[in-house]
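Heads up: the structure comes next, in structure tokens.
All figures in this text were calculated on a predicted structure; none of them were measured in a lab.
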Amino acid sequence: MVGVPRSHGCSLCVKRRIKCDQRLPGCVKCEKYGQPCPGYDRGFRFVAGKPYRNRRQPKLPGDKKDTPLSATSSPEIEFEAAGQTLALRERPHMIISKDLNVMQCLCTLIDDFSQPYSPSPRHVVTRWLGFLPSIYGQNKVLDSTIRSFTAHHFGRVAGNTQMVSYARMAYGEALQGLRRSLETPAESLSTHVFCAVVMLCMYELFTDTENPDSWMKHAKGLSQLVKIRGPDRFSNLLDITLLKASRGLIVMHSMFSGEECFLASEDWHLKMRQQFTTDLSPEMHNSIESFFAYFTYAPSLVHKLYALRHIELTKAESLHAISEVVSKALEMQMNLATWYENYSRIALPPVETLSSTRDELYPIILEYADVSQATIYCGYYSYMVIIHEVLKTCGYPGDHEMMIVYFKDQICKSVEYNSVGVLGPYRMGFPLRVAIEIADPVTKSWIIGRLEQFSKIYAASEPKNYETVL
């Protein structure tokens with residue numbers, strides 16, 4: 001029967017398939033293994049359900065009690081019962097004490113992070129999360145990271161402070177293990193360690209409301225690790241998927257740190273153009289990869305824009321710098337115009353519709369075919385704002401102010417559609433960061449209001465993290 005243990009040993013010994021001495025409070029075998037003994041409690045209760053849970057509906061009077069699992073049923077975690085059980089526990093590390101619980105948590109996590117749609121390989125973050133059940137149990141650092149990430153998510157969802165505390169403990173354990181792994185040549189460049197670093201960076205984005213720079217520290221470490229690994233180490237589906245899931249963070253770190261984006265090279269572009277899956281047509285895949293290749297040059301333009309804001313543009317020595325920046329901006333504008341013409345033929349542009357919330361500032365919103373396409377289009381709008389801001393700053397002829405307002409509005413009109421689900425704020429993070437830089441006071445206030453809503457799920461959306469720097 002699924003979910004019913006056959007051994008009285010601790011869960012780690014059961015997982016390792018060794019005889020447990022059942023010593024209290026923790027067994028000797030775990031001590032020798034170098035891991036805290038998870039104890040002998042069997043953790044969460046399981047009920048019959050689907051592999052991916054549907055949204056919880058209120059119980060109606062007369063509903064039957066949970067039925068036993070059959071041998072062919074797929075178990076589902078009952079989080080309400082789990083919350084009641086966890087409140088009675090004294091040791092936080094007992095919260096996730098059985099590997100099967102982690103597997104079930106991961107299945108539900110994938111479902112939650114895929115919303116508003118069912119899990120699909122077309123969503124790159126969902127795709128790499130889908131690898132986690134198959135690699136859990138192969139690396140202690142990654143295991144701690146997975147437990148930390150899942151425990152925080154479900155602790156927040158259930159309002160369970162003990163589970164959130166456990167997540168922080170597992171996070172500290174993961175960081176300690178990561179330091180040791182990075183100092184070990186045989187482990188430092190492994191796929192497992194790379195996956196752990198990506199997840200730790202994501203953890204910071206979702207959890208740290210106090211220090212707006214914490215995710216940047218992880219993003220810096222992530223960037224350094226990817227650079228040290230080099231393109232040749234990304235040679236299988238998991239590595240490529242992780243690279244594509246993390247490249248947005250790498251570009252963001254480069255943009256806000258002032259460091260050069262090493263992904264802006266042909267070697268990396270060739271690597272990322274490799275298609276290992278069949279979920280996208282080659283034409284769609286190539287168009288998306290072309291955009292990301294162009295996107296890796298965005299930090300360079302932003303850095304030049306910042307520099308222009310702090311020099312006297314009328315001085316003779318500034319003319320060469322201005323000419324160079326204008327040339328780069330115009331080149332990218334032409335590249336993106338060609339790209340947009342091609343992409344909008346493959347992925348139909350959004351259509352205008354009425355806001356379901358009757359928003360006063362944006363009563364007309366944009367609706368897309370799916371959130372993946374919406375994210376690409378919002379990236380394009382953001383890039384065009386940057387380009388026209390550069391051209392306006394350099395005094396290049398054209399109605400750049402009008403274009404900046406147009407693309408800013410396209411970003412804001414996309415918020416209602418593209419910000420839904422756990423990952424919605426993550427998808428809209430960079431576009432709104434660009435929009436708030438150039439927004440008028442009314443629009444800026446509107447954006448801050450949305451960020452305050454997002455920050456309840458996604459800590460990096462705290463409005464204080466969006467203070468303008470231009």
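With 3.5 Å as the limit, one finds no donor-acceptor pair spanning the side chains of T108 and D111. Judged by distance alone, the side chains of E367 and T353 never bring a donor and an acceptor atom under 3.5 Å apart. Between D409 and Y362, the side chains place a donor N or O and an acceptor N or O closer than 3.5 Å (distance only, hydrogens not considered). Counted by atom type alone, E204 and Y171 present one or more donor-acceptor pairs between their side chains at under 3.5 Å. Counting only N and O atoms by type, the side chains of Q138 and H192 include a donor and acceptor under 3.5 Å apart. Neither side chain, S290 nor Y343, offers a donor N or O lying under 3.5 Å from an acceptor on the other.
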Hey, mind stepping through F113 and F206 against ring-ring contact (aromatic ring centres under 6.0 Å, His included) and telling me if it holds? CA-CA 12 Å; F113 275 65; F206 278 90; 5.6 Å; yes

Please walk me through it: do T296 and H269 pass side chain to side chain donor-acceptor pair (under 3.5 Å)? CA-CA 9 Å; T296 59; H269 293 168; 3.1 Å; yes

For the pair M403 and M384, evaluate side-chain contact (heavy atoms from CB on, under 4.5 Å) and give the outcome as yes or no after the intermediate values. CA-CA 8 Å; M403 297 306 298; M384 293 305 291; 6.0 Å; no

Show the numbers, then the answer: is there a ring-ring contact (aromatic ring centres under 6.0 Å, His included) between Y381 and Y340? CA-CA 10 Å; Y381 305 147; Y340 182 83; 7.8 Å; no

Evaluate the criterion salt bridge (charged side-chain N to carboxylate O under 4.0 Å, His left out) for residue pair K413 and E352; output intermediate values, then yes/no. CA-CA 9 Å; K413 289 161 69 174; E352 291 189 336; 3.1 Å; yes

Please step through side-chain contact (heavy atoms from CB on, under 4.5 Å) for the pair W446 and E360, ending with a clear verdict. CA-CA 10 Å; W446 183 91; E360 293 185 1; over 6 Å; no

Starting from the C-alpha separation in whole Å, work towards a yes-or-no answer on side-chain contact (heavy atoms from CB on, under 4.5 Å) for L129 and L106. CA-CA 8 Å; L129 288 174; L106 284 173; over 6 Å; no

Working for ring-ring contact (aromatic ring centres under 6.0 Å, His included), residues F291 and Y380: CA-CA 8 Å; F291 176 77; Y380 164 75; 7.3 Å; no

side-chain contact (heavy atoms from CB on, under 4.5 Å), that's the test. Do S414 and I365 meet it? Break it down for me. CA-CA 6 Å; S414 302; I365 64 167; over 6 Å; no

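Across M428 and I411, no two heavy atoms sit closer than the pair CE-O, 3.8 Å. Of all heavy-atom pairs spanning I322 and C394, the tightest one is CG2-CB, 3.8 Å. Of all heavy-atom pairs spanning S382 and V434, the tightest one is O-CG1, 3.8 Å. Contact between M255 and A298 at its shortest, heavy atoms only, is CE-CB, 3.8 Å. When all heavy atoms of V193 and S188 are compared, the closest pair comes out as CG1-O, 3.7 Å. Nearest approach of W128 to A245, heavy atoms of both residues: CD1-CB, 3.1 Å.
Here I376 contributes atom CD1 and M284 contributes atom CE; the two are 9.0 Å apart, rounded to the nearest 0.5 Å. If you take NZ on K444 and NZ on K408, they are separated by 11.0 Å, rounding to the nearest 0.5 Å. In this structure, CG on L451 lies 6.0 Å from CG on L432, to the nearest 0.5 angstrom. To the nearest 0.5 Å, atoms CG (D143) and CG (L132) are separated by 10.5 Å. Here NZ of K220 is found 9.5 Å from OG of S223. Values are rounded to the nearest 0.5 Å. We find the NZ-CZ distance between K227 and F262 to be 7.0 Å, quoted to the nearest 0.5 Å.
Panel note: side chain T443, backbone A439; no donor-acceptor pair is recorded below 3.5 Å. The closest donor-acceptor contact from the side chain of Y417 to the backbone of Y368 lies under 3.5 Å. With hydrogens and angles disregarded, no donor-acceptor distance shorter than 3.5 Å links the side chain of S246 to the backbone of V198. Side-chain N or O atoms of R427 include one that pairs as donor or acceptor with a backbone N or O of N418 at under 3.5 Å. For the pair E416 (side chain) and S355 (backbone), a donor-acceptor distance under 3.5 Å is absent. Within the 3.5 Å criterion, the main-chain N or O of T161 finds a donor-acceptor partner in the side chain of S165. Between the side chain of S455 and the backbone N or O of E452, at least one donor-acceptor pair lies under 3.5 Å.
Because its NZ or CZ atom is both nearer than 6.0 Å to the ring centre of F234 and within 45° of the ring axis, R229 counts as a cation-pi partner of that residue.
The shortest distance between side-chain heavy atoms of I436 and I448 falls below 4.5 Å. Inter-residue side-chain proximity for F149 and F154 is flagged as unmet; no heavy-atom pair is nearer than 4.5 Å. Between L178 and T145 there is no side-chain heavy-atom pair separated by less than 4.5 Å. Side-chain contact between Y426 and L249: present, with at least one pair of heavy atoms (C-beta onward) separated by less than 4.5 Å. Contact check for F407 versus M402: no side-chain heavy atoms found under the 4.5 Å cut-off. Under the 4.5 Å side-chain criterion, counting only non-hydrogen atoms from C-beta, S254 is in contact with H303. Residues L336 and Y294 have side chains in contact (heavy-atom distance under 4.5 Å, counting atoms from C-beta outward). For the pair M202 and V197, the minimum side-chain heavy-atom distance is 4.5 Å or more.
Heavy atoms of other residues, nucleotides or ligands lying less than 6.0 angstrom from CD of E260 number 12 at most. In the displayed structure, F131 atom CZ is contacted under 6.0 Å by more than 12 heavy atoms of other residues, nucleotides or ligands.
Taking 4.0 Å as the cut-off between side-chain N and carboxylate O, E324 and K328 do not count as a salt-bridged pair. A salt bridge between E173 and K140 is absent, with no side-chain N of the basic residue lying under 4.0 Å from a carboxylate O of the acidic one. A salt bridge links E266 to R273: at least one charged side-chain nitrogen sits closer than 4.0 Å to a carboxylate oxygen. Using a 4.0 Å cut-off between charged side-chain N and carboxylate O, K244 and E289 make a salt bridge. The pair D239-K271 does not count as a salt bridge, with every side-chain nitrogen at least 4.0 angstrom from each carboxylate oxygen. E283 and R345 are joined by a salt bridge, as a carboxylate oxygen and a charged side-chain nitrogen come within less than 4.0 angstrom of each other.
Using bins of under 30°, 30° to 60° and over 60° for the plane-to-plane angle, the ring pair Y203/H152 lands in the perpendicular bin.
Residues Y306 and F256 keep their aromatic ring centres 6.0 Å or farther apart.
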